[in-house]
Amino acid sequence: MANKEEKSPEGFGTTGHEWDGIEEWNNPLPKWWLYVFYATVIWAIGYWIVYPAWPTVSSYTKGYLGYSQRAQVNKDIAAAKKQTAVFSDKINEGDFETIQADPELLSFALAGGQAAFGDNCAPCHGRGAQGFVGYPNLRDDAWIWAGSIDGIQQTILHGIRSDDPQTRMSMMPAFGELGMLNREQISDTAEYVMSLSGNEQDAEAAARGQEIYATSCAACHGPDGAGNQALGAPNLSDELWLYGGDKDTLVETITYSRAGMMPAFSERLDPATIKKLAIYVHSLGGGQ
Amino acid sequence: MANIELGGGASPSDEETQLYADRVKVYPKEAHGRFRTIKWIVMAVTLGIYYLLPWVRWDRGPYLPDQAVLLDLPARRFYFFFLEIWPQEFYYVTGLLVLASLVLFLVTAVAGRVWCGYTCPQTVWTDLMVAVERFWQGDRNARLRLDKHPWAFETIWKKSATHLTWLAIAVATGGAWVFYFADAPTLAKQLLTFSAPAAAYFFIGLFTVSTYVLGGIAREQVCIYMCPWPRIQGAMFDSDSLLISYRDWRGEPRGAHKAGQSWEGRGDCIDCNQCVAVCPTGIDIRDGAQLECIQCALCIDACDAIMDKVGRPRGLIAYDTVRNLEAGAPNAEPLRLLRPRVLLYAGLIVLVGIIMIVALMMRPVLEVNVIHDRNPLYVKLSDGGVRNGYEVKILNKQYVPRAFKLGVTGLPDATVQLVGHDSGVVPVPPDQLKGVKLHVALDKEGVRALPDQATQFQFVVTDIATGETMEHNATFQGPPKSGAK
Ligand code: SF4
Ligand code: SF4
């Protein structure tokens, strides 16, 4: 390798720095490099003038362009809304059949429905609509009130036992609390109800309970326990239980009654969103 | 402005120390010879490929673009002749890059900065820009003379013509770049009618500026100050690498030589400085190996011409190894090509190459992925049965539309329900991915018969037309077995 002092025609030697006899070669930087550095400094000053830059006590320098990321996002959202307005209009106007028949519209509705579900429904029904005790699973094939798409829409619009005048409403008596049935009767009835899905533990008690069921329960839940959606009376003969199908839970249910409630969303969400929600919930696997 | 004075200090020097250097303008003289010819050919081939490749057509049937090389960003596909890469197959590109760098290492170990000297875009475009400069302003001496009279009419018009030609080349370079990202004929029409996307104009502008600045103006400054490669390759040479070198054992002592004078007791170098005059980075190869030297071999051509003229053998400057230079003879040591590093690089190239070829040959034209719904993992049904939800994704990598049937095996008596495909047939457009939602359900008996809570089974995807089938494992999840449910 050539020695810098030898080769450099400009006569560069060392920087003049010396430590204990160790000298530093001077390998000069090209001037344009320095000028590029100055250019970046000037660029930065220009940037401060044009864009938001410096914090002040309570605010910041806004910059000549007045650019703000928040404003930009709002603009983007507005633009996206405008783009999807075509779909939103179609969803507002179309009935469910037209929407479901149009794949593009359907996927728009499903995506919107899923988002709205996460915001509004997931706290009770779970993110996956899988439900919890007392909050129905929306994916299974059992519906207390209605599993049709119109019925689901109706439920979302007006709620269940809500303060909406058109809300879905029914009331199971608290047989034990009101003294309508005594403890043994309730226990027998619970045994009978369990037998409807083939889970009784005590056949004799169940036989006794059958009579009580016929007079006290069959009016709403049906003589064979198949339930009645018009009254919101759950099917007692299937394998699904909203609160639980074991003896203790059934005794508790008959004694104190159950009255889960769901708010009406007609005031909170616009009709298009509710439609999308109905389509989404209907699509989860249980829709009828 | 940049003169920094270091007064005092440990080594008291009255001279100013310059920490910033003026750029010394280089006026490369035209060289003639073997290597210059090779370089012209390489330039024609590389630039030809760059500018023309987007216009090469490649038939992929009626549904896909027919451009041989196309980076289709909106559709997320990369087409390269017979090859088509989906985003999840980007490892092919990784493999290609690994291969490219290994080849670079190998070539560097064998013969130094061949990449820098012949094929690097910076070198090729600079060479082109210098050729343009020479065309308008003349060779080295003419250009030196012009620069002595910067305000002369001749200087101004010749320089203007040079810069305008550079700009035109720069625009063409930027223009060619964007054709790699869209159908070239369509985009060309759009560009000419000013209806192309803004991004196209932006990138043309960007590449125009960078070509003009880097190739026309900055030139050797890029190689010397900006590029990391000159620093890296120091680790790749060894004393057996063929590097462009001045054979000082033969050239020294140098000095002017008059015709007829004896060559006894002196070196072959006549100190004519031709090797310096042709050098695009403005250095003197006789100072030894230098960072600035891009090993373009033009000094070999220049010196060979001189040696021919003075009647001495060629090769005072030549590709030679450090071992030979130290030995002081042209072929003192036999060339050792099979060195560990050469073998290592070559072996790795073969290995990566084989892996790539095998992977490409085994690239399936049909792929199936299954995503099991996780929230919830399973849904209990009113009859005591259990239902699981899946999304099955079918990737049709053929250039024709295909239709598929979906079924399951390994799960007796399961009912399969395709959401949204009542006919049970899933059409997948050419070169596309299609996701279908599926519900697989077992009744109470079926669930009871399952040995475990989680059961393995297979989705079977069948191409209706060809009968080609593909299986993919999935899991059916039921309620916990131990529970008294
Ligand atoms: S020294 Fe020779 S090989 Fe190196 S850059 Fe200059 S002309 Fe090219
Ligand atoms: S071209 Fe050859 S002879 Fe002339 S100065 Fe360079 S090395 Fe010496």
Side-chain angles (χ1 to χ4, degrees), chain A residues 1-3 6-24 26-35 38 100 103 106-107 110 122 126-131 137-143 197-199 227 234-235 237-241 245-246 283-287, chain B residues 1-13 15-24 217-218 221 224-226 234 282-292 373-389 417 419-420 437-439 441 444 447 479 484-485:
Chain A
M1 287 289 157
N3 172 322
E6 267 173 33
K7 76 166 259 204
S8 163
E10 299 88 348
F12 294 121
T14 71
T15 55
H17 301 156
E18 195 222 298
W19 300 270
D20 297 338
I22 300 170
E23 286 178 279
E24 183 187 20
N26 179 17
N27 205 351
L29 199 66
K31 277 190 185 158
W32 60 262
W33 194 288
L34 189 70
Y35 301 148
Y38 292 145
Q100 281 172 320
L106 178 62
S107 71
L110 288 177
R127 268 219 87 85
Q130 76 277 25
N137 182 338
L138 303 177
R139 285 181 181 264
D140 64 27
D141 56 345
W143 296 90
S197 49
N199 290 319
N235 185 339
S237 61
D238 66 16
E239 298 265 348
L240 298 176
W241 299 93
D246 57 298
S283 78
L284 291 174
Chain B
M1 73 195 298
N3 301 347
I4 293 180
E5 243 178 285
L6 295 163
S11 88
S13 133
E15 276 177 61
E16 274 184 359
T17 305
Q18 303 272 338
L19 289 180
Y20 299 96
D22 282 321
R23 178 173 175 190
V24 181
I217 295 169
Q221 300 288 308
I224 300 175
Y225 295 107
M226 299 184 196
I283 56 162
D284 188 341
I285 188 67
R286 294 172 298 169
D287 292 338
Q290 290 151 81
L291 175 94
E292 290 87 342
D373 285 358
R374 283 191 211 151
N375 187 11
L377 270 173
Y378 63 91
V379 176
K380 269 192 82 180
L381 298 177
S382 55
D383 67 353
V386 167
R387 192 182 66 213
N388 278 214
Q417 187 207 346
V419 180
K437 282 242 150 220
L438 269 167
H439 290 138
K444 193 172 185 171
V447 176
K485 296 199 175 173

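Predicted model, so just to flag it, every value in this text is computed and none were measured. A, B, ... follow the sequence lines: proteins, then strands. Residue 1 opens every chain.
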A:L138/A:W143 under side chain to side chain contact (heavy atoms under 4.5 Å, CB included): CA gap, chis, key distance, verdict:
CA-CA 8 Å; A:L138 303 177; A:W143 296 90; 4.2 Å; yes
Side chain to side chain contact (heavy atoms under 4.5 Å, CB included), that's the test. Do B:N375 and A:Q130 meet it? Break it down for me.
CA-CA 7 Å; B:N375 187 11; A:Q130 76 277 25; 3.4 Å; yes
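Contacts of B:K437 with chain A are absent, with no heavy-atom separation under 4.5 Å from either backbone or side chain. Residue A:W241 does not touch chain B at all, counting heavy-atom pairs closer than 4.5 Å. Of the atoms belonging to B:Q417, not a single heavy atom falls under 4.5 Å from chain A. With a 4.5 angstrom heavy-atom cutoff, B:D373 touches chain A only via side-chain atoms.
For A:R139, the side chain to side chain donor-acceptor pair (under 3.5 Å) test picks out no residue, with sequence neighbours left out. Not counting sequence neighbours, the partners of B:S382 by the side chain to side chain donor-acceptor pair (under 3.5 Å) test are A:D141.
The choice from A:L284, A:L29, A:D140, A:N137 that makes the most heavy-atom pairs within less than 4.5 Å of chain B is A:L29. For chain B, the option among A:G285, A:G245, A:S197, A:G286 with the highest count of heavy-atom pairs below 4.5 Å is A:G285.
No donor-acceptor distance shorter than 3.5 angstrom exists from the side chain of B:E292 to the backbone of B:Q290, with no hydrogens or angles considered.
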